[in-house]
Amino acid sequence: MNTNKHYYGDSRLNNYCAYCGGPAETEDHVPSRCFLDKPYPQDLPVIPCCHKCNHEFSKDEEYVSCFIDCMKANTAIPSRIQREKTGKTLLHSPKLQERIASQIRNFGGLTIYDYEKDRFEKVIRKLAFGHLAFENDILLCDSTYNISMRLLLEMSDSQRYTFFQPYNGTLLPEVCSHGLEHVVLHYEDGGVHSFSSFWNTVQEGRYSYCASPDGNKVKFVVADYLAVEVCINMAV
């Protein structure tokens, strides 16, 4: 890990893993590059983490990323997957391909996705805590949370409109944080009335996210298909 690198507005947080709170030994991209396609965007969000967290998420992220693309194609057959990266991964990982294929079931025209919920939750937690650490300079390792997950194609127009609305907040993110650069101030005659965040597009068609100015919510879209929102139960 580059000990001279500036990760947070408060440099004292550089010594802690954003996912578990342990000693930071390396760094991690948020989102992981398995959710993105080459050429990768420049200046991907990076946060400090420990070696254990950096490595133990890899297989789960690969599984989640591939499963989402298989859901889009309604199959785990590599040649039928639209995304080339996922097709190649499944082709070279027969066990992963067989595992996902066994979890996509068709019953008289109705497709059931029997995905591994614990692996999805593990990856979603990582993404949410990573985004909030990067944007708001806060470590949430011990915080509880609630996950809402929907497919964009199953959402009504009004539900999609609501989901893509930016967050409003009453508190500004930490001084010098990335989140402070990503808020819009709304004024009334008496001065600043409220703050709102905006969506950050990491890679068009692959990944975008929006973190609340208050640091207690984040939502993101993976592959223009899966819409996720995570609400943090902040300690009083």
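On a predicted model such as this, the values are computed, not experimentally measured, just so you know.
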Backbone N or O of D118 within a donor-acceptor pair of the D60 side chain at under 3.5 Å? no
Within a reach of under 6.0 Å around CG of D114, are more than 12 heavy atoms found that belong to other residues, nucleotides or ligands? yes
Within the 4.5 Å heavy-atom criterion, are E116 and F67 side-chain neighbours or not? no
Could you see if L90 belongs to whatever hydrophobic cluster contains I77? Use Ile, Leu, Val, Met, Phe, Trp, Tyr and a side-chain cutoff under 4.5 Å. no
Go through the structure and list residues passing side chain to side chain donor-acceptor pair (under 3.5 Å) with E121, not counting sequence neighbours. Y145
Quick one: are the ring centres of Y207 and H131 less than 6.0 Å apart? yes
Within-4.5 Å side-chain heavy-atom neighbours: K219 and F164: no
Closest approach of N136 to P213 (non-hydrogen atoms, all atoms of both residues): ND2-O, 3.2 Å
Looking at CE of M155 and OH of Y161, how far apart are the two atoms once the value is rounded to the nearest 0.5 Å? 13.5 Å
Any V123 side-chain heavy atom under 4.5 Å of Y63 side chain: no
Over all atoms of both residues, closest heavy-atom pair of L96 and C66: CD2-SG, 4.1 Å
Heavy-atom check, side chain of W199 versus side chain of V221, under 4.5 Å: yes
Which heavy atom in A24 sits nearest to a heavy atom in N14, and how many Å separate them? CB-O, 3.4 Å
Could you report the tightest heavy-atom contact between L13 and P48, atom names first, then the distance? O-CG, 4.4 Å
The reported gap from CZ in R80 to SG in C70 (rounded to nearest 0.5 angstrom) is 12.0 Å
Looking only at heavy atoms, which two atoms of C34 and E62 are closest? And how far apart? SG-N, 4.3 Å
Flag the pair T75 / I104 as yes when at least one side-chain heavy-atom distance between them is below 4.5 Å, and no otherwise. no
Look at the side chain of S156 and the backbone N and O of Q159, then say whether any donor-acceptor pair between them is shorter than 3.5 Å. yes
Assess whether a salt bridge exists between D28 and K126, defined as any Lys/Arg side-chain N lying under 4.0 Å from an Asp/Glu carboxylate O. yes
Please determine which of N216, I138, I232 meets the side chain to side chain contact (heavy atoms under 4.5 Å, CB included) test together with S143. I232
Indicate if Y40 and F220 have the same hydrophobic cluster label, given that clusters are the connected sets of ILVMFWY residues with side-chain heavy-atom separations under 4.5 angstrom. yes
Passing candidate, side chain to side chain contact (heavy atoms under 4.5 Å, CB included) with E27, options V46, I47, N54: V46
Relative to Y115, does K117 satisfy both conditions: NZ or CZ under 6.0 angstrom from the six-membered ring centre, and within 45 degrees of the ring's axis? yes
In one Ile/Leu/Val/Met/Phe/Trp/Tyr side-chain cluster, 4.5 Å: F163, L132: no
Would L152 and V222 show up in the same hydrophobic cluster when neighbours are defined by side-chain heavy atoms closer than 4.5 Å? no
According to a 4.5 Å side-chain heavy-atom criterion applied to Ile, Leu, Val, Met, Phe, Trp and Tyr, with indirect links allowed, do L153 and I81 form part of one hydrophobic cluster? yes
Does some side-chain heavy atom of L226 sit less than 4.5 Å from a side-chain heavy atom of M149? yes
How many angstroms lie between atom CD of Q203 and atom CG of D37, to the nearest 0.5 angstrom? 5.5 Å
For E84, does the CD atom sit with more than 12 other heavy atoms under 6.0 Å from it, leaving out its own atoms? no
Give, for atom NZ of K85 and atom CG of L36, the distance between the pair rounded to the nearest 0.5 Å. 6.5 Å
Answer yes or no: is there a donor N or O on one side and an acceptor on the other, between the side chain of R119 and the main chain of V64, under 3.5 Å? no
Which atom of R206 lies closest to which atom of S65, heavy atoms considered: NH2-OG, 4.5 Å
Once you round to the nearest 0.5 Å, how far does CZ of F134 lie from CG of N200? 8.5 Å
Would you say the side-chain atoms of E25 pair up with the backbone N or O of H51, donor to acceptor, closer than 3.5 Å? yes
Are there more than 12 heavy atoms of other residues, nucleotides or ligands under 6.0 Å from atom CG of N106? yes
Do L139 and Y16 pass the side-chain contact (heavy atoms from CB on, under 4.5 Å) test, and can you show the C-alpha distance, the side-chain angles, and the key distance before you say yes or no? CA-CA 8 Å; L139 300 183; Y16 299 99; 3.6 Å; yes
Given 3.5 Å as the limit, does a donor-acceptor pair link the side chain of K217 with the main chain of C210, or not? no
Mind checking whether T26 and C49 have side chains closer than 4.5 Å, heavy atoms only? yes
Any R125 side-chain heavy atom under 4.5 Å of V230 side chain: no
Using a 6.0 Å cut-off, check whether atom CZ of R150 has over 12 heavy atoms from anything other than its own residue. yes
